[in-house]
Amino acid sequence: MIVIRSFDVNKPGSEVDDLKGGVAGGSILQGVLKMGQEIEVRPGIVTKGADGKVKCLPVFSRIVSLFAEQNELQYAVPGGLIGVGTT
C-alpha cells in the first residue's frame, strides 16, 4: 500500500495507556487487506546509532477499520483510495 496521508487520532498530552493508533490513507497496489489483520509499517522507527549508521525498526499494528468513501469495508483490494484504521 502506498500511503498518501496519515493521521494521529490521539489528543496532545494523552497518557500512554489511552493511545489508540492512527489512520493511513492511500491506495493498495497488490494483495488484500482484511479487518483484524496484523500489518507491518515500514520504515517504522528510524534511529541513528553511535557509529552513524541509520537503523529502521518496523512497527507492527492491527487493522481495526477499513473505509472507502463513506463505506465501511471488511476487506480492501487494489484500486481506489482507502482509509485504514490501526491499533
Of all pairs that satisfy salt bridge (charged side-chain N to carboxylate O under 4.0 Å, His left out), the ones with a partner from residues 48-76, not counting sequence neighbours: none
Counterpart residues, side chain to side chain donor-acceptor pair (under 3.5 Å), relative to Thr86 (two or more places apart): none
Nonpolar side-chain network containing Val9, other nodes, edges under 4.5 Å: Phe7, Val23
Same apolar cluster: Phe67 and Ile39, side chain cutoff 4.5 Å: no
Side chain to side chain donor-acceptor pair (under 3.5 Å) against Arg5, all qualifying residues, sequence neighbours excluded: none
Remaining members of hydrophobic cluster (4.5 Å side-chain criterion), Val32: Tyr75, Val77
Donor-acceptor contact below 3.5 Å, side chain Ser6 vs main chain Ala24: no
For Ala68 against Leu73, the heavy-atom pair lying closest together: CB-CD1, 3.8 Å
Atom pair OG1/NZ of Thr87 and Lys20 - distance to nearest 0.5 Å: 12.5 Å
Smallest separation among heavy atoms of Pro43 and Cys56, with atom names: O-CB, 3.6 Å
Value rounded to 0.5 Å, distance of OG in Ser65 from CE in Met35: 6.5 Å
Pairing residues for Ser14 by the side chain to side chain contact (heavy atoms under 4.5 Å, CB included) criterion, not counting sequence neighbours: Asn10, Lys11, Leu19
Rounded distance (nearest 0.5 Å) linking atom CG of Leu33 with atom CG of Leu66: 6.5 Å
Exceeds 12 heavy-atom contacts within 6.0 angstrom, atom CD of Gln30: no
Residues forming a side chain to side chain contact (heavy atoms under 4.5 Å, CB included) with Ser27, sequence neighbours excluded: Leu81
Same cluster (ILVMFWY, side-chain, under 4.5 Å), Ile28 and Ile4: no
Side chain to side chain contact (heavy atoms under 4.5 Å, CB included) partners of Pro58, counting only residues at least two apart: Glu40, Arg42, Phe60
side-chain contact (heavy atoms from CB on, under 4.5 Å) between Leu57 and Thr47, worked out: CA-CA 8 Å; Leu57 185 66; Thr47 58; over 6 Å; no
Smallest separation among heavy atoms of Lys34 and Gln37, with atom names: N-OE1, 2.9 Å
